Amino acid sequence: MGPVNVSPGPAAGLIHPATASAEIDLEAYQHNLRQLAAHVAPAELLAVVKADAYGHGLVPCARAAREAGVPWLGVATPGEALALRESGDTGRLLCWLYGPDEDLTSLVAADVDVSASSVEQVSDLVAAAATCERSARVHLKVDTGLHRNGSPLEEWPALVGAAAEAERFGALEVVGVWSHLAAAEDPDHPSTDAQLQAFEEALEIARAEGLEPATNHLANSAGALLLPRSHHQMVRVGIAGYGVDPAPGVAASAGVALRPVMRLRAQLVNVKDVAEGQGVSYGHTWVADRDTRVGLVPLGYADGIPRHASSRAEVWVGDRRAPVRGSVCMDQLVIELGPDAPEQVGDEVVLFGAPPAPTAEEWGQVCGTIGYEIVARIGARVPRHHVGAGGAAAPGRGQGRDTR
Ligand SMILES: Cc1ncc(COP(=O)(O)O)c(C=O)c1O
């Protein structure tokens with residue numbers, strides 16, 4: 001018997017990387033971050049790497065961002081912050097979302113900047129600082145109109161008062177005042193001016209209490225791209241770093257060329273003919289209107305492919321687009337290759353990536369959602385294959401090649 005040529009198997013629980021993977025172009029990520037840094041200078045950049053870097057892999061993206069000179073990283077949860085510290089990241093890192101039962105001591109001990117939106121959260125940070133016998137770095141969050149997280153304006157004087165007192169005792173250092181925009185991608189939205197104004201007022205109140213926060217920040221990607229008035233000393237950029245426009249035309253109107261970072265690809269695992277009148281996939285929601293050929297893509301809604309893509313989205317195969325036909329299933333979906341199509345099992349399909357393939361923004365539009373959700377929801381079963389930068393990355397979950 002001759003030698004059997006088999007590629008290495010998948011990591012536990014993952015799809016085999018030859019069969020399907022999300023390729024993450026870290027050079028494109030660095031390119032985007034450098035473009036954005038130049039666009040907002042002299043404001044500093046914070047790269048948002050929460051939610052597994054919007055599905056792109058927390059540790060490889062964090063390393064690539066640092067390598068590109070990004071001074072700040074931002075995450076939502078303490079678990080994300082601590083994972084970065086465990087990976088060896090020692091740079092400035094802001095964490096902003098935690099519950100009342102979470103112990104902040106490990107964050108303070110790990111030199112993580114922490115957000116506080118209430119007097120209670122300031123007290124918790126003071127207690128954590130006492131336990132660690134060091135001062136905690138805090139960013140005070142004010143709600144300027146998103147009405148999500150942050151201190152309501154009526155409670156803001158009490159919050160800055162408590163923080164100022166703790167700073168006088170050496171328990172805290174108030175690094176920044178911050179907030180989040182509701183509709184920065186639409187410069188004509190009336191909320192934006194109101195939020196910019198409320199932020200100035202909140203800063204005045206903080207300064208009147210004796211605070212001198214040096215790193216104040218309000219802008220997300222759309223604010224960074226479109227609203228210089230929102231930049232202050234730092235901008236928090238998530239989606240634009242990953243090469244996805246916050247909304248159609250935003251990056252272009254700012255004169256910034258973004259490169260998509262994620263390319264979701266798979267092999268065809270089955271190809272067959274269907275006759276006119278035959279239904280395809282569950283419920284036969286699509287019925288062939290001619291004799292044609294279909295191909296099977298081994299990704300489904302368990303992998304984050306929206307079921308709303310059923311008979312709506314397109315993929316790239318060969319040198320052309322091919323439509324998704326019928327219902328997206330849990331692990332697989334069917335595309336129409338067309339009559340006499342030359343594709344065979346093993347040929348590559350790109351679900352989304354850089355044009356001329358469909359983009360994540362396009363998938364968002366056809367699925368009634370946003371590009372953010374399309375990339376962030378790609379599931380844990382899909383191996384991430386990081387290419388292009390971050391050579392220092394060590395293999396392991398979310399840290400190297402073919403990992404997640
Ligand atoms: C508090 C905060 N800041 C910044 C961002 C980054 O936003 P974007 O991805 O639009 O740049 C997010 C993302 O949702 C966020 O929650």
Side-chain angles (χ1 to χ4, degrees), residues 29 32-33 35-37 39-40 43-56 58 61-62 65 70-78 80-81 92-98 112-117 121 138-151 175-187 189 191-192 195-196 199 202 215-228 230-251 253-254 256 258 260-262 360-361 364 369-377:
Y29 185 45
N32 297 334
L33 293 174
Q35 295 270 309
L36 291 159
H39 187 75
V40 302
E44 288 192 304
L45 204 66
L46 176 150
V48 182
V49 292
K50 64 179 182 170
D52 201 26
Y54 290 39
H56 294 70
L58 173 67
C61 287
V70 173
W72 286 83
L73 297 178
V75 292
T77 71
E80 294 170 331
R92 294 300 291 271
L93 170 60
L94 173 62
C95 171
W96 58 69
L97 190 64
Y98 51 90
V112 176
D113 288 43
V114 183
S115 171
S117 291
Q121 290 184 338
V138 61
H139 297 231
L140 299 177
K141 186 161 197 189
V142 58
D143 183 358
T144 52
L146 180 62
H147 301 132
R148 193 176 71 172
N149 203 347
S151 163
V175 174
V177 164
W178 76 296
S179 191
H180 197 40
L181 292 167
E185 66 285 353
D186 174 4
H189 200 284
S191 66
T192 302
Q195 285 199 266
L196 292 170
F199 193 67
T215 307
N216 304 305
H217 45 108
L218 175 61
N220 55 2
S221 290
L225 286 162
L226 296 180
L227 295 168
S230 71
H231 290 179
H232 293 270
Q233 288 76 44
M234 184 163 84
V235 303
R236 304 182 308 276
V237 163
I239 199 70
Y242 303 108
V244 178
D245 214 349
V250 167
S253 72
V256 173
L258 299 174
V261 175
M262 183 185 290
E361 291 96 320
T369 180
I370 49 178
Y372 291 72
E373 187 180 346
I374 296 298
V375 290
R377 62 184 286 157

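One is the number of the first residue; the rest follow in order along the sequence. Whatever order the structure lists ligands and atoms in, that order sets their numbers, starting from 1. In this text the structure is predicted, and so the values were computed from the model without any measurement.
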Pair L146-L181, side chain to side chain contact (heavy atoms under 4.5 Å, CB included): steps then yes or no:
CA-CA 6 Å; L146 180 62; L181 292 167; over 6 Å; no
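Counting protein heavy atoms only, atom 5 (C) of ligand 1 is closest to H180 CE1, 3.8 Å. The protein heavy-atom contact nearest to atom 10 (O) of ligand 1 is Y372 OH, 2.6 Å. Among protein heavy atoms, the minimum distance from atom 7 (O) of ligand 1 is reached at N220 CB, 3.5 Å. Looking from atom 14 (O) of ligand 1 to the surrounding protein, the closest heavy atom is K50 NZ, 2.7 Å. Counting protein heavy atoms only, atom 9 (O) of ligand 1 is closest to Y54 OH, 2.6 Å. Protein heavy atom at the shortest distance from atom 3 (N) of ligand 1 is R236 NE, 2.9 Å.
A salt bridge does not link D143 to R148: none of the charged nitrogens lies less than 4.0 Å from a carboxylate oxygen.
In terms of polar-atom proximity, V48 is not counted as a contact of ligand 1, lacking any N or O under 3.5 Å from an N or O of the ligand. Considering backbone and side-chain atoms together, V237 places no N or O closer than 3.5 Å to any N or O of ligand 1.
For the pair L93 and V112, the tightest heavy-atom approach, listed with the atom from each and the gap, is O-CG1, 3.5 Å. Taking all atoms of both residues into account, the shortest heavy-atom contact from A254 to L225 is CB-O, 3.2 Å. For G223 against S230, the heavy-atom pair with the smallest separation is O-OG, 3.5 Å.
In this structure, H56 contributes its side chain and A53 its backbone to a donor-acceptor pair below 3.5 Å. In terms of modelled atom types and a separation under 3.5 Å, the side chain of S179 and the main chain of V142 share a donor-acceptor contact.
Shown in contact with W96 at under 4.0 Å from a heavy atom are these atoms of ligand 1, numbered in order with element: 1 (C), 2 (C), 15 (C). The ligand atoms of ligand 1 that sit less than 4.0 angstrom from a heavy atom of S221 are 8 (P), 10 (O), 11 (O).
Ring orientation note: the planes of W178 and W96 are tilted relative to one another, at an angle of 30° to 60°.
At least one heavy atom of R148 sits closer than 4.0 Å to an atom of ligand 1. The closest approach between a heavy atom of W178 and any atom of ligand 1 is below 4.0 Å.
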